[in-house]
Amino acid sequence: MSTVETGVTLELDDIQSGVLHPRPSPYVGVYILLRIDDRRAGRELLRRLIPAVAGTASSQKAWGSVALSFQGLKALGVPQSSLDSFPLPFQQGMAARAAFLGDVGESAPENWEKPLGTPDVHVAISVLSPDAEGLESVLARARKAYQELSGISGIWHLDCHVLPNEKEAFGFKDGISHPAVEGSGIPGTNPKEPPFKAGEFILGYPDELGEVEPMPRPEVLGKNGSYIVFRKLHQRVAAFRQYLKATSSSPEEEELLAAKLMGRWRSGAPLALCPFRDDPGLGADPKRNNDFLYKDEDPKGLKTPPGSHIRRMNPRDSEIAGAARLHRMIRRGTSYGPMLPSGVLEDDGAERGLAFVFVGARLERQFEFIQSEWVNKGQFFDGPLGDKDPIVGANDGSSRFTIPQEPIRRRLQGLPAFVVTRGGEYFFAPGLRALRWLAALET
Amino acid sequence: MSSNEATATRVKRKGLKSGVATEYTGFFKIKPGHAKQLVKDILASLTRRGDVRESYARIGVYDASYVVFDNDTRLLLKISFDTDFDTYFDDALTILAGGDKGQTGGSWFNHLEGLPGSFDSLTWEDFKNWLVAQQTEAAIFANTSDGSVKEIQKAQHVQKAFQQVLDNPEAAQALKHPALKPLLDEAAV
C-alpha cells in the first residue's frame with residue numbers, strides 16, 4: 001500500500017506549517033519561550049506573530065510556529081469555560097505528570113533547568129529552516145514581535161543545529177520516520193504504513209477510532225490545532241560510548257551493539273533490512289531506509305530487538321499488547337550543543353542533546369502512553385515488566401536489555417541512563433484562525 | 001511511585017490492583033424479559049471471531065465473568081486485566097471492534113438499563129464513562145499471578161518445551177552441565 005496521497009482535504013492554510021511538515025534536513029532552528037505579563041500585550045504579540053507563522057499550504061522553506069501552554073492561555077485571558085474544555089494533562093502541564101512520564105531522580109522537575117516546568121512558560125516560538133539565512137529572516141520578524149513589546153518577557157531560548165553528517169549526539173542519523181496523514185498531501189516515509197486518519201494529529205477530524213476527538217471550545221479555537229510536547233533531553237554521550245566499549249570486545253562489536261540498542265546502524269540503515277552489517281547507502285536513501293515492517297520478517301526480534309529504541313517508539317505491525325496505530329506520533333528532533341569529538345570517552349561537561357518535539361491530537365493516548373507503556377515498561381511486547389528503552393528510558397543502573405539471537409539470547413545488565421530530562425512543557429499549537437481569535441479576545 | 005499513584009494525577013478511576021492485575025466489577029440492570037437474549041448475545045459476541053482468548057490476551061485480560069442474578073434482573077460483569085483501564089481502553093475497543101462500533105459485538109449492552117442512547121449511537125468516550133459509572137470497586141481483590149498475560153503465555157510455552165526435553169532420556173546427561181543447573185533443579189518432578 002502506498003502512502004503517497006494526492007487528495008488534500010485538510011484546511012492546510014489554517015494548520016500551522018510546523019505541525020505537519022517534517023523538519024528540513026539539514027537544519028538550523030531556535031526555540032524561544034516567553035512570559036505574558038499583560039494580557040493585552042499577549043494578544044498584541046499574537047497579532048504580530050501571525051504573519052510570521054506560515055500555514056501548511058505555504059511553500060516557504062523556513063517557518064515559524066507558535067504554541068501556548070495552559071498557563072499561557074490563562075495569561076491571555078481565555079474564558080474559564082474554554083480553559084476547562086482542554087484535556088487534564090494539558091491543564092496540569094508536564095511537570096505535574098513527571099512520575100507518569102518517568103521523569104524521576106535526576107530527570108525530576110525539581111532538577112529541571114528553569115524556567116522549564118514553571119508557570120512562567122506561556123508562549124513557545126520555534127523557527128526551523130534549512131539554512132541560517134532562512135532562519136534569520138523568520139526569526140527577525142518573530143523577535144521584532146516581542147522585543148518591542150512591554151508586558152512580554154523573553155525567558156529562555158535554545159539554539160539547535162544539525163550535527164556533522166546529519167546525526168544526533170550519539171552518532172545516529174535522525175529524523176527518518178514520519179507518518180503519512182490522510183488529506184495532507186504530505187507522503188509518509190514508510191511505503192508499507194497506511195496513512196493515518198488526520199484526527200490522530202489535527203483536532204477537528206475523525207481519528208483512527210472513527211470519531212472526532214472532543215476539541216477545546218469554542219470550535220474556532222480547537223479546530224486545526226494540535227498538542228505539542230517539548231522536551232529538552234540531555235544526552236550523556238561519553239557514558240554511552242563507555243558502555244558500548246565496556247560491553248564489547250571489538251570496535252565492530254561496539255557498532256553492532258549500538259545498532260541493537262537503537263534498531264538502526266548509525267548510518268540510519270535499519271537492522272530490519274541489513275541485520276549483519278551497516279549499509280550506509282541504504283541508510284542515506286529516504287526511499288528505502290524506512291520501508292519495513294516486523295511481523296512477517298522478524299516476529300521474534302532476531303534482527304531488530306523488540307526492546308530496541310525504534311521498535312519501542314514505533315512497533316509497526318509487531319504483535320504487541322494493544323493497537324499500535326492508536327499510539328503513533330509525529331516526532332521531530334533537533335540537536336543542540338557541540339558533538340563530542342570522535343573517540344573521546346570522558347565527559348567534557350558540555351550541554352548537548354536533543355530538543356524533542358511531539359505533535360499529536362491526544363497527549364494521553366499518544367505521548368504519555370508511549371512514555372509510560374513503551375519507553376518505561378517491557379510487558380507490551382512480552383518482555384520483562386521492568387525493562388526500559390535502552391536509549392531514552394528512565395534507567396537507573398538496574399535495567400536490562402535483551403538481544404534475541406540464536407542459539408540463545410544475550411541479556412545486558414545494569415544499563416545506566418543515557419538521557420536526562422532537562423525540562424519541558426505541554427503546548428497547544430492553534431490553527432491560524434484560532435490565533436486570530438485569541439488575538440482578538442476582549443476579556 | 002507505583003503506577004497507581006502515578007495515574008492518580010489522571011482521572012481518578014476505581015478498581016483495585018493486585019500485583020500487576022487490575023479488576024473491573026460492574027453491576028448492571030437488565031431490561032425486563034431481556035435476560036435470555038442478553039446471554040445469547042454476549043456469547044455470540046465473544047465467539048464471533050473464533051477464540052475470544054486471543055483477543056483477550058492482546059489486551060491483557062486474565063479472565064472475564066458474566067453473571068446473571070436476582071431472577072434475571074441484574075448482570076455482574078467482572079474482569080481482571082494486566083493493563084490500566086484508562087490507558088488501554090481505546091486499544092481494547094480497537095482490538096475487539098476494529099475501531100468500528102458496529103463490529104464490536106457490543107450491541108448486547110442494549111439489553112441493559114440506563115445506557116444513554118443505543119450502543120451504536122454512543123461515542124467511545126460516553127460509553128467508557130457509562131461503564132465507569134456502573135463500576136463498584138471490589139472490597140478485596142487478589143490475583144496470584146506475578147506476570148502479565150503475555151508473560152504467562154511465554155512461561156507456558158517454555159514449560160511445554162522443557163517437558164519435551166525431559167521426555168528424552170538423554171536429557172539427564174545433558175542437564176548435568178553446570179550452566180543448566182537451574183533447569184536440573186526443576187527436572188526431578
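Naming: A, B, ... by sequence-line order, numbering from 1 per chain. These values consider heavy atoms only, across backbone and side chains, with no hydrogens, waters or symmetry-generated copies. All values reported here derive from a predicted model rather than from experimental measurement.
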Quiz item: Taking all atoms of both residues into account, what is the closest heavy-atom pair of B:K150 and A:Q379, and its distance?
Solution: CD-O, 3.9 Å
Self-check item: A:E406 atom CD, over 12 foreign heavy atoms within 6.0 Å
Solution: no
Quiz item: Under 6.0 Å from the CD atom of A:E297, do we count more than 12 heavy atoms belonging to anything else shown?
Solution: no
Quiz item: What part of A:I320 lies closer than 4.5 angstrom to a heavy atom of chain B: side chain, backbone, both or neither?
Solution: backbone
Quiz item: For atom CD of B:E170, is the number of surrounding heavy atoms from other residues, nucleotides or ligands below 6.0 Å larger than 12?
Solution: no
Quiz item: Has A:E219 got more than 12 heavy atoms of other residues, nucleotides or ligands less than 6.0 Å from its CD?
Solution: no
Quiz item: Top residue by heavy-atom pair count (under 4.5 Å) with chain A, among B:T83, B:V149, B:D82, B:I152?
Solution: B:D82
Self-check item: Set of residues satisfying salt bridge (Lys or Arg N to Asp or Glu O under 4.0 Å) with respect to B:K181, sequence neighbours excluded
Solution: B:D185
Practice problem: Dump the intermediate steps for side-chain contact (heavy atoms from CB on, under 4.5 Å) on B:D86 and A:E364, then the final yes or no. | Solution: CA-CA 9 Å; B:D86 277 302; A:E364 267 187 285; 5.5 Å; no
Quiz item: CZ of B:R53: more than 12 outside heavy atoms within 6.0 angstrom?
Solution: no
Practice problem: Might you work through the side-chain contact (heavy atoms from CB on, under 4.5 Å) test for B:D91 and A:H327, ending with a clear yes or no? | Solution: CA-CA 9 Å; B:D91 295 67; A:H327 313 291; 2.7 Å; yes
Quiz item: Under a 4.5 Å heavy-atom cutoff, which of A:A98, A:A324, A:A321 has the most pairs with chain B?
Solution: A:A321
Quiz item: Under 3.5 Å, side chain of B:W124 to main-chain N/O of A:E211, donor-acceptor pair present?
Solution: no
